[in-house]
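In what follows, a single structure is set out as structure tokens and then discussed.
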Amino acid sequence: MLEIRPNCEHCNTDLPFDAQDAMICTFECTYCENCVTNVLKSICPNCGGNFSKRPIRPKKLLEKYPISNKRVHNPTDLKVHYKKIVDREKEAAEKKPKNQNR
């Protein structure tokens, strides 16, 4: 079951259980949509994976299945993050087959 973490790990914006702009990666790293799109370039700085919208837990289930109150605030070192993105793109380009002329 998802923890439904309460904040963006990068900018520390509150992301309540019903936040429309909460995004998660496969390991449930949690960020706001603004940071994912405009800062992190849609790549998780922790695992290198992509993001999806975090599902909204129905209010009627919060008592039985409470959300996490553990805040994780670990701003991304953007210089390192962007370098990883560039390196990843270079590696992908090198693996791409070259067009062969006949």
Side-chain angles (χ1 to χ4, degrees):
M1 179 179 350
L2 293 176
E3 291 180 16
I4 312 289
R5 296 178 187 164
N7 65 301
C8 174
E9 290 184 28
H10 183 71
C11 73
N12 206 28
T13 295
D14 288 339
L15 295 170
F17 75 95
D18 59 351
Q20 296 289 324
D21 63 337
M23 307 287 288
I24 58 172
C25 76
T26 190
F27 291 100
E28 205 179 345
C29 299
T30 304
Y31 296 91
C32 67
E33 191 170 24
N34 182 60
C35 284
V36 165
T37 304
N38 300 315
V39 180
L40 302 175
K41 308 301 181 202
S42 299
I43 297 173
C44 179
N46 300 316
C47 71
N50 66 336
F51 289 96
S52 296
K53 287 217 174 260
R54 182 182 73 189
I56 294 173
R57 184 164 298 158
K59 196 172 190 173
K60 67 182 180 182
L61 297 177
L62 293 176
E63 188 174 326
K64 186 174 181 181
Y65 304 105
I67 60 173
S68 174
N69 60 6
K70 181 180 114 182
R71 296 183 76 87
V72 176
H73 183 222
N74 184 24
T76 301
D77 181 333
L78 296 177
K79 187 174 180 179
V80 171
H81 182 62
Y82 295 152
K83 183 178 182 330
K84 285 181 186 176
I85 292 172
V86 168
D87 292 346
R88 181 174 155 175
E89 289 170 352
K90 283 181 186 176
E91 185 178 305
E94 289 170 359
K95 288 181 180 180
K96 201 175 202 180
K98 306 282 187 230
N99 287 339
Q100 295 179 358
N101 295 330
R102 293 185 180 189

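Throughout, numbering of the chain's residues begins at 1 and tracks the sequence. The basis for the numbers below is simple: all heavy atoms, side chains too, and nothing from hydrogens, waters or symmetry mates.
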message: When you measure from the side chain of Arg71 to the backbone of Glu9, do you find a donor-acceptor pair of N or O atoms at a distance under 3.5 Å?
response: no
statement: Rounded to the nearest 0.5 Å, the CG atom of Leu2 sits from the OH atom of Tyr65 at a distance of 13.0 Å
- prompt: Below 4.5 Å, heavy atoms only, C-beta onward: do Arg88 and Ile43 meet side chain to side chain?
  reply: yes
statement: For Leu78 and Leu40 the tightest heavy-atom approach is CD2-CD2, 4.3 Å
- line: d(Thr26 OG1, Asn50 CG) to nearest 0.5 Å is 8.5 Å
message: Tell me whether Ser68 contacts the main-chain N or O of Lys70 through its side chain, where contact means a donor paired with an acceptor under 3.5 Å.
response: yes
query: Can you tell me if His10 uses its side chain to pair, donor with acceptor, with the backbone of Pro75 under 3.5 Å?
result: no
task: Write down the atom of Pro55, the atom of Ile4, and the distance for their closest heavy-atom approach.
output: O-CD1, 3.9 Å
message: Quick one, Glu28 with Glu3, criterion side chain to side chain contact (heavy atoms under 4.5 Å, CB included). Give me CA distance, side-chain angles, the key distance, then yes/no.
response: CA-CA 8 Å; Glu28 205 179 345; Glu3 291 180 16; 3.4 Å; yes
Nearest heavy-atom neighbours spanning Tyr31 and Pro45: OH-CG, 3.3 Å
task: Would you kindly say whether Asp14 and Asn7 are connected by a side-chain donor-acceptor distance under 3.5 Å?
output: no
message: Could you walk me through whether Val39 and His81 satisfy the side chain to side chain contact (heavy atoms under 4.5 Å, CB included) test, starting with their C-alpha distance in whole Å, then the side-chain angles of each, then the deciding distance to 0.1 Å, before giving a yes or no?
response: CA-CA 10 Å; Val39 180; His81 182 62; over 6 Å; no
- prompt: Does atom CG of Asn69 have more than 12 heavy-atom neighbours from other groups under 6.0 Å away?
  reply: no
field: Closest non-hydrogen atom pair, Met23 against Phe51
entry: CE-CB, 4.0 Å
query: What distance separates Glu33 CD from Thr13 OG1, expressed to the nearest 0.5 Å?
result: 12.5 Å
task: Establish whether Ile67 and Ile24 are linked, either directly or via other cluster members, by ILVMFWY side-chain heavy-atom contacts under 4.5 Å.
output: yes
- request: Assess whether atom NZ of Lys53 is packed by more than 12 heavy atoms of other residues, nucleotides or ligands within 6.0 Å.
  value: yes
- prompt: Which heavy-atom pair separates Arg57 from Met1 by the least distance, and what is that distance?
  reply: NH2-CG, 3.3 Å
message: One thing to verify: whether Lys95 and Glu91 come together as a salt bridge, which I'm taking to mean a side-chain N less than 4.0 angstrom from a carboxylate O.
response: yes
query: Do Phe17 and Leu62 touch side chain to side chain, with heavy atoms closer than 4.5 Å?
result: yes
field: Test log, rule side chain to side chain contact (heavy atoms under 4.5 Å, CB included), inputs Thr30 and Leu15
entry: CA-CA 9 Å; Thr30 304; Leu15 295 170; 3.8 Å; yes
- prompt: To the nearest 0.5 Å, what is the distance between SG (Cys11) and CG (Asn34)?
  reply: 7.0 Å
